[in-house]
K.L.:
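My structure is below; once you've seen it, I'll send some questions.
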Number of protein chains: 2
Amino acid sequence: MGEISHIKEQLSEVGLKATHPRIVVLQKLMTSHDHPTAENIHETIKEDNPSISLGSVYRVLDVLVEAGLIQRVSVRSGSKRYDANMNPHGHIYCLKTNRIQDFYDEELYGLINEFFRKKKIRNFRINEIKLQVNGERIDPEDDVTII
Amino acid sequence: MGEISHIKEQLSEVGLKATHPRIVVLQKLMTSHDHPTAENIHETIKEDNPSISLGSVYRVLDVLVEAGLIQRVSVRSGSKRYDANMNPHGHIYCLKTNRIQDFYDEELYGLINEFFRKKKIRNFRINEIKLQVNGERIDPEDDVTII
DNA sequence: TTACTTGCAAAGGCTTTGCACCGAT
DNA sequence: ATCGGTGCAAAGCCTTTGCAAGTAA
């Protein structure tokens, strides 16, 4: 409940009306780390919110991306996937299980950022730097860990 | 002409029949650096090869990717795009023009590779590491250069 | 010759959109 | 009360696929 008012705040902070579909979709994304598709989200939320249509989920996701509250993640798979983690981080994508796992390493991101800060890049304003590591889990059930 | 026999060799080296659509599509990709979509490729080649269908272009692209002769590049834009540059490299994607430009820097790739070689990654076999820099060109007509 | 590939056109999956109604501010 | 958001269903875009005919090896 306190959570929901926090979600509402986030929405109005970026100038969006705190409508029911927006609150539900954003909350779902902020409390899951599985990078769901629009359809995944619809499936999950419709149990408690049967009136929210799939079309609205798509529209809400577009608006949230546009507002910078969530981001789209593109992988090989068919559908676009969504992520409410807006801190800098990379994605580990498993081609076997189709799972996406966030990862962040301060040292690595330090290196990459420093590289682009030092280099002269002509005719381009950098928005974001995306790092994606593709491969396969050995044990599909287990998480990947970077030590 | 000597080019075409080189293309045919590449195809048979990976065990693919050197059919006309495959030769034409692969040649187009190897001589362009604009990361075209399936439809772009079809448009370009159909002037000289009116019988090659769009469906076949899609099938040929799938086969070439599967064989490791080309790679798919996913960006925000609607369609998948293709790249015959199989050397390690990153992509600079301009949201304004939708253009993709390859880039490679030995130092940066050295850092990233060394990072992943040194770190212990549990439960994952890395296939490829993708680096994509999103942003906007200042002059949409001009190339981006990294010095 | 034989198994694979293609052209064609239809089907499929994911996403967007028009419209009338509804609701947050 | 107003303007923007939503549900619904239809349309749209990109891609895949079944089948009969064609072709590289």
Side-chain angles (χ1 to χ4, degrees), chain A residues 4-5 7-28 35-43 45-46 48-67 69-82 98, chain B residues 4-5 7-28 35-43 45-46 48-67 69-82 98:
Chain A
I4 287 185
S5 61
I7 302 265
K8 287 186 182 177
E9 265 174 42
Q10 292 218 29
L11 288 167
S12 42
E13 264 170 31
V14 296
L16 294 176
K17 281 190 192 172
T19 66
H20 185 61
R22 287 174 182 171
I23 294 164
V24 172
V25 169
L26 185 52
Q27 187 179 32
K28 158 69 185 146
H35 307 78
T37 65
E39 189 146 16
N40 292 155
I41 294 169
H42 185 238
E43 284 298 316
I45 66 179
K46 83 174 174 197
D48 290 331
N49 309 272
S51 74
I52 298 178
S53 70
L54 179 57
S56 293
V57 172
Y58 276 106
R59 266 183 300 216
V60 166
L61 289 169
D62 283 350
V63 168
L64 296 180
V65 168
E66 190 64 30
L69 292 176
I70 66 171
Q71 64 176 308
R72 245 185 282 268
V73 184
S74 314
V75 284
R76 274 167 171 54
S77 76
S79 313
K80 285 164 191 154
R81 298 172 64 166
Y82 295 86
N98 215 27
Chain B
I4 288 186
S5 62
I7 302 265
K8 286 186 183 177
E9 264 174 42
Q10 294 218 30
L11 288 167
S12 41
E13 265 171 30
V14 295
L16 294 177
K17 282 189 191 173
T19 66
H20 184 62
R22 287 174 183 171
I23 294 165
V24 172
V25 169
L26 184 53
Q27 187 179 32
K28 159 68 185 146
H35 307 79
T37 65
E39 189 147 15
N40 292 155
I41 294 169
H42 184 237
E43 285 297 317
I45 66 179
K46 84 173 172 198
D48 290 330
N49 309 272
S51 74
I52 298 178
S53 70
L54 179 57
S56 293
V57 172
Y58 276 106
R59 267 184 300 215
V60 165
L61 289 169
D62 283 350
V63 168
L64 296 180
V65 169
E66 189 65 30
L69 293 176
I70 65 172
Q71 63 176 308
R72 245 184 285 268
V73 183
S74 313
V75 283
R76 278 169 169 51
S77 78
S79 314
K80 285 164 190 153
R81 298 172 63 166
Y82 296 86
N98 215 28

K.L.:
Counting heavy atoms from C-beta on, name the nucleotide in D:dT15, D:dC19, C:dC14 closest to the side chain of A:Glu39.
P.N.:
C:dC14
K.L.:
Can you figure out which of D:dC14, C:dT15, C:dA24 approaches the side chain of A:Thr19 most closely?
P.N.:
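From the listed options, C:dA24 comes nearest.
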K.L.:
If you check every side-chain atom of B:Ser79, which of D:dC14, D:dT16, D:dT6 has the closest atom?
P.N.:
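Minimum distance to the B:Ser79 side chain belongs to D:dC14.
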K.L.:
Expressed as a whole number of angstroms, how long is the span from B:His20:NE2 to C:dC4:P?
P.N.:
22 Å
K.L.:
Please tell me which of the listed nucleotides, C:dT16, D:dC8, C:dT15, lies nearest to the side chain of A:Leu54?
P.N.:
C:dT15
K.L.:
Please check: side-chain N/O of A:Arg22 versus main-chain N/O of A:Lys17, any donor-acceptor pairing under 3.5 Å?
P.N.:
yes
K.L.:
Could you please name the option among C:dG7, D:dT16, D:dT6 that lies closest to any side-chain atom of B:Asp62?
P.N.:
D:dT16
K.L.:
Please report the distance, rounded to the nearest Å, between CG in B:Leu61 and P in D:dC14.
P.N.:
15 Å
K.L.:
Can you tell me which nucleotide in C:dT16, C:dC19, C:dC4 comes closest to the side chain of A:Tyr58?
P.N.:
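So the side chain of A:Tyr58 is nearest to C:dT16.
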K.L.:
Do A:His42 side-chain atoms and A:Ile52 backbone N/O form a donor-acceptor pair below 3.5 Å?
P.N.:
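Looks like yes, one N/O pair under 3.5 Å.
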K.L.:
What's the separation between atom CD1 in B:Ile23 and atom CG in B:Leu16, rounded to the nearest 0.5 Å?
P.N.:
11.0 Å
K.L.:
Using modelled atom types only, decide if a donor and an acceptor are shared between the side chain of A:Arg72 and the backbone of A:Val65 within a distance under 3.5 Å.
P.N.:
no
K.L.:
For A:Arg59 and C:dT15, give me the distance from atom CZ to atom P, rounded to whole Å.
P.N.:
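A:Arg59 atom CZ is separated from C:dT15 atom P by 15 Å.
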K.L.:
B:Leu64 has an atom CG; how far is it from atom P of C:dT6, in whole Å?
P.N.:
10 Å
K.L.:
Which nucleotide, D:dT15, D:dG18, D:dA25, lies nearest any side-chain atom of B:Ala18?
P.N.:
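Among D:dT15, D:dG18, D:dA25, the one nearest the side chain of B:Ala18 is D:dA25.
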K.L.:
Rounding to an integer number of Å, can you tell me how far A:His42 NE2 sits from C:dC14 P?
P.N.:
14 Å
K.L.:
For A:Arg72 and for B:Ser51, find the nucleotide of DNA chain C with the closest heavy atom, then tell me which residue's nucleotide is more 5'.
P.N.:
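The 5'-side residue here is B:Ser51.
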K.L.:
Rounded to the nearest Å, what distance is computed from the CG atom of residue B:Asn40 to the C1' atom of nucleotide D:dT15?
P.N.:
15 Å
K.L.:
Could you walk me through whether B:Val24 and B:Val60 pass the side chain to side chain contact (heavy atoms under 4.5 Å, CB included) check?
P.N.:
CA-CA 10 Å; B:Val24 172; B:Val60 165; over 6 Å; no
K.L.:
Are any of A:Ser53's side-chain N or O atoms less than 4.0 Å away from OP1 or OP2 of D:dG7?
P.N.:
yes
K.L.:
Measure from NZ on B:Lys17 to P on C:dA3 and round the result to the nearest Å.
P.N.:
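Rounding to the nearest Å, NZ of B:Lys17 and P of C:dA3 are 10 Å apart.
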K.L.:
Start at the 5' end of DNA chain D and walk down; is the nucleotide closest to B:Gly78 or to B:Ser12 reached first?
P.N.:
B:Gly78
K.L.:
Nearest-Å distance, CD1 (A:Ile23) to P (D:dT6)?
P.N.:
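So the CD1-P distance, A:Ile23 to D:dT6, works out to 10 Å.
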